[in-house]
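To start, the structure under review is shown below, and the notes come after it.
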Amino acid sequence: MKLEFPKIGMRMVKTAVAVVVCFFLFLPFWVRIPAGEYDPFKDVGPFYACIAAIICMQSSVKQSVRQGVSRVIGTCIGGLVGLGILFLDDLIGQSVVTGLMMGGGVILTLWICNLIKRPAACSISCIVVCVVMLNHNGPDRYLYTLFRVLETTVGIVTAVAVNHLLPDQHPAADDEASPAELAESLAEKLSDGGTSAEEELAGDLAERLQREERAKDKTK
């Protein structure tokens with residue numbers, strides 16, 4: 001059996017470029033001299049920006065924009081809910097109650113995402129709530145929450161920008177909607193009212209149809 005190695009496609013290249021851009025955007029925060037013992041910028045870094053860029057990099061600009069918008073909304077919702085829980089935690093100060101509030105915050109976050117018809121934002125919003133609650137302690141954790149939201153947003157914007165600026169490997173040849181474009185349109189509609197599983201399935205269908213169309217083009 002002949003062993004076939006996968007080719008390096010433009011989506012791989014764009015993902016790598018987006019990660020590199022995120023790294024260099026936050027590099028000045030790493031090489032700067034700390035401003036005394038208390039430095040509010042000491043925890044700023046590219047980690048969450050790189051994760052967001054990888055998640056939001058899709059096979060087309062439209063899909064990246066759709067994913068990006070949902071992730072930005074989810075990040076903001078998760079950040080706001082997390083801040084609310086932090087405020088209550090400062091008033092109560094009981095670990096058991098904090099854990100219960102975090103669970104309630106996840107439920108509230110999911111409910112808000114479904115209320116505004118953004119099911120694709122559910123996962124990232126819940127992740128932000130947990131990150132805010134579990135990854136930092138002390139009086140500066142409100143600022144820490146703001147930085148995590150900003151870092152995630154930077155990664156999302158970077159992914160959309162890189163996907164838009166770098167060329168696609170196989171641009172559309174005619175004006176008639178292809179099966180891949182129809183599947184992509186279905187994914188966009190599902191992102192407004194379907195479940196995240198349905199949206200992911202439609203996105204996978206669009207990518208598979210695009211690969212089949214590219215394979216047909218090569219044989220012509």
Smallest separation among heavy atoms of [X] and [Y], with atom names:
{"X": "Val149", "Y": "Gly79", "result": "CG2-CA, 4.0 Å"}
{"X": "Gln58", "Y": "Arg11", "result": "OE1-NH2, 3.7 Å"}
{"X": "Cys22", "Y": "Ala49", "result": "SG-O, 3.8 Å"}
{"X": "Val129", "Y": "Gly82", "result": "CG2-N, 4.4 Å"}
{"X": "Gly78", "Y": "Val128", "result": "C-CG1, 3.7 Å"}
{"X": "Val162", "Y": "Lys14", "result": "CG1-O, 3.6 Å"}

To the nearest 0.5 angstrom, please state how far the [atom1] atom of [X] sits from the [atom2] atom of [Y].
{"X": "Tyr48", "Y": "Leu150", "atom1": "OH", "atom2": "CG", "value": "14.0 Å"}
{"X": "Ile124", "Y": "Ile73", "atom1": "CD1", "atom2": "CD1", "value": "13.0 Å"}
{"X": "Cys126", "Y": "Met102", "atom1": "SG", "atom2": "CE", "value": "11.0 Å"}
{"X": "Met57", "Y": "Thr158", "atom1": "CE", "atom2": "OG1", "value": "9.0 Å"}
{"X": "Cys50", "Y": "Glu151", "atom1": "SG", "atom2": "CD", "value": "10.0 Å"}
{"X": "Ser123", "Y": "Ile55", "atom1": "OG", "atom2": "CD1", "value": "6.5 Å"}

For side chain to side chain contact (heavy atoms under 4.5 Å, CB included), just list the numbers for Arg118 and Ile77, CA-CA rounded to whole Å, side-chain angles, deciding distance to a tenth of an Å, and then say yes or no. CA-CA 11 Å; Arg118 287 289 178 178; Ile77 293 174; over 6 Å; no
Could you see if [X] belongs to whatever hydrophobic cluster contains [Y]? Use Ile, Leu, Val, Met, Phe, Trp, Tyr and a side-chain cutoff under 4.5 Å.
{"X": "Val106", "Y": "Leu80", "result": "no"}
{"X": "Ile156", "Y": "Val20", "result": "no"}
{"X": "Trp111", "Y": "Met133", "result": "yes"}
{"X": "Val97", "Y": "Ile107", "result": "no"}
{"X": "Ile116", "Y": "Val72", "result": "no"}

Phe87 and side-chain contact (heavy atoms from CB on, under 4.5 Å): which partner among Leu83, Leu91, Ile85?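 Option passing the side-chain contact (heavy atoms from CB on, under 4.5 Å) with Phe87: Leu91.
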Could you go through the side chain to side chain contact (heavy atoms under 4.5 Å, CB included) check for Leu146 and Leu143 one step at a time? CA-CA 5 Å; Leu146 176 61; Leu143 191 59; 4.3 Å; yes
Decide yes or no on side chain to side chain contact (heavy atoms under 4.5 Å, CB included) for Ile8 and Val13, but give the supporting numbers first. CA-CA 7 Å; Ile8 298 178; Val13 174; 4.0 Å; yes
[X] versus [Y]: any side-chain heavy-atom pair under 4.5 Å?
{"X": "Thr109", "Y": "Cys122", "answer": "no"}
{"X": "Val65", "Y": "His164", "answer": "no"}
{"X": "Thr152", "Y": "Arg71", "answer": "no"}

Asn114 side chain vs Leu110 backbone, donor-acceptor pair below 3.5 Å: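 A pair under 3.5 Å: yes.
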Step-by-step side chain to side chain contact (heavy atoms under 4.5 Å, CB included) determination, Phe23 to Val19: CA-CA 6 Å; Phe23 174 81; Val19 169; 5.7 Å; no
